[in-house]
There are 2 protein chains.
Amino acid sequence: MWDLSLLGLSDRRFKEGQALYRSGEVFDSVYVIRVGFVKTVALLEDGREQVTGFYMPCELFGLDGIASGRHRIDAVVLANSEICVVPYHRLKSCQSQSRAIQNLLNRMFSREIVREQHMLLMLGSMRAEERVAAFLLDLSERYRELGFSASEFMLRLTRQEIGSLLGLKLETVSRIFSRFHKSGLIEVEGRRVRLVNREALRLILVQSRT
Amino acid sequence: MWDLSLLGLSDRRFKEGQALYRSGEVFDSVYVIRVGFVKTVALLEDGREQVTGFYMPCELFGLDGIASGRHRIDAVVLANSEICVVPYHRLKSCQSQSRAIQNLLNRMFSREIVREQHMLLMLGSMRAEERVAAFLLDLSERYRELGFSASEFMLRLTRQEIGSLLGLKLETVSRIFSRFHKSGLIEVEGRRVRLVNREALRLILVQSRT
DNA sequence: CGCGGATTTGAACGGAGTCAATCCGCGTGG
DNA sequence: CCACGCGGATTGACTCCGTTCAAATCCGCG
């Protein structure tokens, strides 16, 4: 697993709604979540915005800034969080001293690329219900990896934010949650979700259409 | 610019339609295009597919395999191409010997992440016309960087493939090309495109809607 | 020439968006 | 303690953009 404790860095606390960085700011550090949740948001010049990532504890983000030396998106914490801020120069020196760190970092980079590819596949090829099903199953899996329940968990995002992440409108997300509930696939109350019939959810993804 | 000539690797030739790697195959190497064009394609279990990337000379791809040791998508050459195949173990040893290479590789990783974020923004937030305009302007810019004309170039992709890349159907792409043509924004014949009014194309992206 | 794949174009459909009303939960202040 | 306000969520009715289906044309190539 991801552990930079050898860097001897301490975590910093952030409050809900606080921005870790904003698009256009000089890139300085990458981030690892210890406790809490973060979303990344890409902005269009006319004000439209798109949630491009949702990050959970132990996950690394902020890598977008390396290419140009400036961040290209915003990162906003979704709840009071503890986040390990890793200055990029520290990371680089570690990287050159330890092949293990080097390989680990390469895998982290690659994992982020794969994550985004999944998102592209979703946004480009899936229907609304499929996206929501994929989203729920992905969350479930990630909570499981963290040692939490895979069948009952909290959405840390509003319907609006979920919609943005999935390329849908909030009303659509809400409607699909209701539909899934009526079909006995999930139970929802507010942001608390319980996956009642995981197999059926997965079927929504697998079954080819016409 | 991207140059791994110090690795002393020679290029290999590939024929149109040939796959450099397929989803599920063991990851071994990354690739740099010398001459030619490559698309990457993500697959859904039911057969649907999504073009996730279109790569031009000097561009690096194949990084998705590092995370899990297996490729997660297909890479297919679009024309007879010369491609530099860089075994990952070679890359790693270079990386540990030279900080310059290490930093360069980090930036390449990051660039790929940023590229995918742009695609996410497109697929999640843009309307069909905006996506096509953004696609054309992106191509134009990349041809310019390669020293080719920024205003007249060849699409290496079919309407089908462009549609897949943009999350649209081929008919929609075709219609929008026609519409742009009628509005005097571009000239199209087959896969040859000329940007007649770049400013107007850019306006399509910038102008906020209602 | 003639075939097959790519492209264009039209007509009709439908899934997700838009607009609007209502509800709900929660914190805040009278 | 309760009224109020406010942002988030739900639901319905209607719209519209992009898809689907279909037909015609183009074009490269054996």
Side-chain angles (χ1 to χ4, degrees), chain A residues 15-17 39 47-51 76 78-80 122-136 154-183 186-193 204 207-210, chain B residues 15-17 39 48-51 76 78-80 122-135 154-183 186-193 204 207-210:
Chain A
K15 280 184 297 193
E16 180 168 347
K39 68 170 176 178
R48 275 177 285 175
E49 57 179 58
Q50 164 78 20
V51 176
V76 180
L78 293 168
N80 294 338
M122 274 209 336
L123 296 191
S125 309
M126 288 186 182
R127 337 177 72 270
E129 283 198 352
E130 296 172 316
R131 296 183 203 185
V132 174
F135 169 70
L136 291 173
M154 208 72 163
L155 303 170
R156 312 317 277 224
L157 301 165
T158 64
R159 302 290 187 265
Q160 162 88 267
E161 290 166 329
I162 295 170
S164 178
L165 187 69
L166 304 180
L168 303 171
K169 293 294 157 185
L170 71 97
E171 295 94 330
T172 305
V173 175
S174 177
R175 270 186 253 272
I176 290 175
F177 278 171
S178 302
R179 220 178 298 157
F180 282 178
H181 176 65
K182 274 175 203 124
S183 319
I186 64 176
E187 280 168 17
V188 216
E189 63 179 276
R191 304 203 189 162
R192 177 138 232 93
V193 176
I204 290 181
Q207 76 199 179
S208 75
R209 296 166 303 138
T210 49
Chain B
K15 281 184 295 191
E16 179 169 348
K39 67 171 177 178
R48 276 178 284 175
E49 58 180 56
Q50 164 78 20
V51 176
V76 180
L78 293 167
N80 293 337
M122 274 210 336
L123 297 191
S125 308
M126 288 187 182
R127 337 175 75 268
E129 284 198 353
E130 296 172 316
R131 295 183 203 184
V132 175
F135 169 71
M154 208 73 164
L155 304 169
R156 311 316 277 224
L157 301 165
T158 65
R159 302 289 187 266
Q160 162 87 268
E161 289 164 330
I162 295 170
S164 177
L165 188 69
L166 303 180
L168 303 171
K169 293 296 158 183
L170 70 97
E171 295 94 329
T172 305
V173 175
S174 176
R175 270 187 252 273
I176 290 176
F177 278 171
S178 302
R179 220 179 297 158
F180 282 179
H181 177 65
K182 275 176 203 124
S183 319
I186 64 176
E187 280 168 14
V188 217
E189 61 179 277
R191 303 203 189 162
R192 177 138 229 94
V193 176
I204 291 181
Q207 76 198 179
S208 75
R209 295 166 304 138
T210 48

Step by step, would you call A/Thr158 with A/Leu170 a side chain to side chain contact (heavy atoms under 4.5 Å, CB included)?
-> CA-CA 8 Å; A/Thr158 64; A/Leu170 71 97; over 6 Å; no
For B/Ser183, enumerate each residue passing the side-chain contact (heavy atoms from CB on, under 4.5 Å) test, keeping only those at least two apart in sequence or located in another chain.
-> B/Leu185
Produce a footprint string for nucleotides 25-30 of chain D: one letter per nucleotide, 5' end first; B if the base is under 4.0 Å from any protein heavy atom, S if only the sugar-phosphate is, - if neither.
-> ------
Just report the end-to-end axis angle for the helix from C/dC1-D/dG30 to C/dG30-D/dC1, five pairs per end, to 10 degrees.
-> 30°
Minimum heavy-atom distance between B/Ser125 and B/Glu130, given as atom pair plus value = O-OE1, 4.4 Å
Can you tell me the distance, in whole Å, between the CD1 atom of A/Ile176 and the P atom of C/dG15?
-> 12 Å
Could you pull out all residues at least two apart from A/Glu129 that satisfy salt bridge (charged side-chain N to carboxylate O under 4.0 Å, His left out)?
-> A/Arg179
How is B/Gly167 classified with respect to the nucleic acid when contacts are heavy atoms under 4.0 Å: base, sugar-phosphate, or nothing?
-> sugar-phosphate
May I ask you to test the B/Glu161-B/Val76 pair for a side-chain heavy-atom distance under 4.5 Å?
-> no
Taking the side chain as every heavy atom from C-beta outward, state whether A/Phe135 and A/Val173 have any atom pair closer than 4.5 Å.
-> no
Round to the nearest Å and state the distance from A/Leu168 atom CG to D/dA9 atom P.
-> 15 Å
Measure the distance from CD on B/Glu189 to C1' on C/dA6 and round it to the nearest whole Å.
-> 15 Å
Which residues share a side-chain contact (heavy atoms from CB on, under 4.5 Å) with B/Thr172, sequence neighbours left out = B/Ala128, B/Leu168, B/Lys169, B/Ile176
Rounded to the Å, how far apart are A/Lys169 NZ and C/dA20 P?
-> 16 Å
Can you give one letter per nucleotide of nucleotides 7-13 of chain C, 5' to 3': B if a protein heavy atom sits under 4.0 Å from the base, S if only from the sugar-phosphate, - if neither?
-> SBBBB--
Nucleotide D/dG18, atom P - distance to CD of B/Glu129 in whole Å = 8 Å
How far does CD of B/Gln160 sit from CD of B/Glu171, to the nearest 0.5 angstrom?
-> 8.5 Å
Nearest 0.5 Å, what's the CG-CD distance between B/Asn80 and B/Glu16?
-> 6.5 Å
Look only at the side chain of A/Arg131 and the backbone of A/Met126, and say whether a donor-acceptor pair between them is shorter than 3.5 Å.
-> yes
Can you tell me how far C1' of D/dG8 sits from CD1 of A/Ile162, to the nearest Å?
-> 12 Å
Under the 3.5 angstrom rule, does the side chain of A/Glu187 hit a backbone N or O of A/Val193 as a donor-acceptor pair?
-> no
Calculate the interatomic distance between A/Arg127 atom CZ and D/dG18 atom P; express it in whole Å.
-> 17 Å
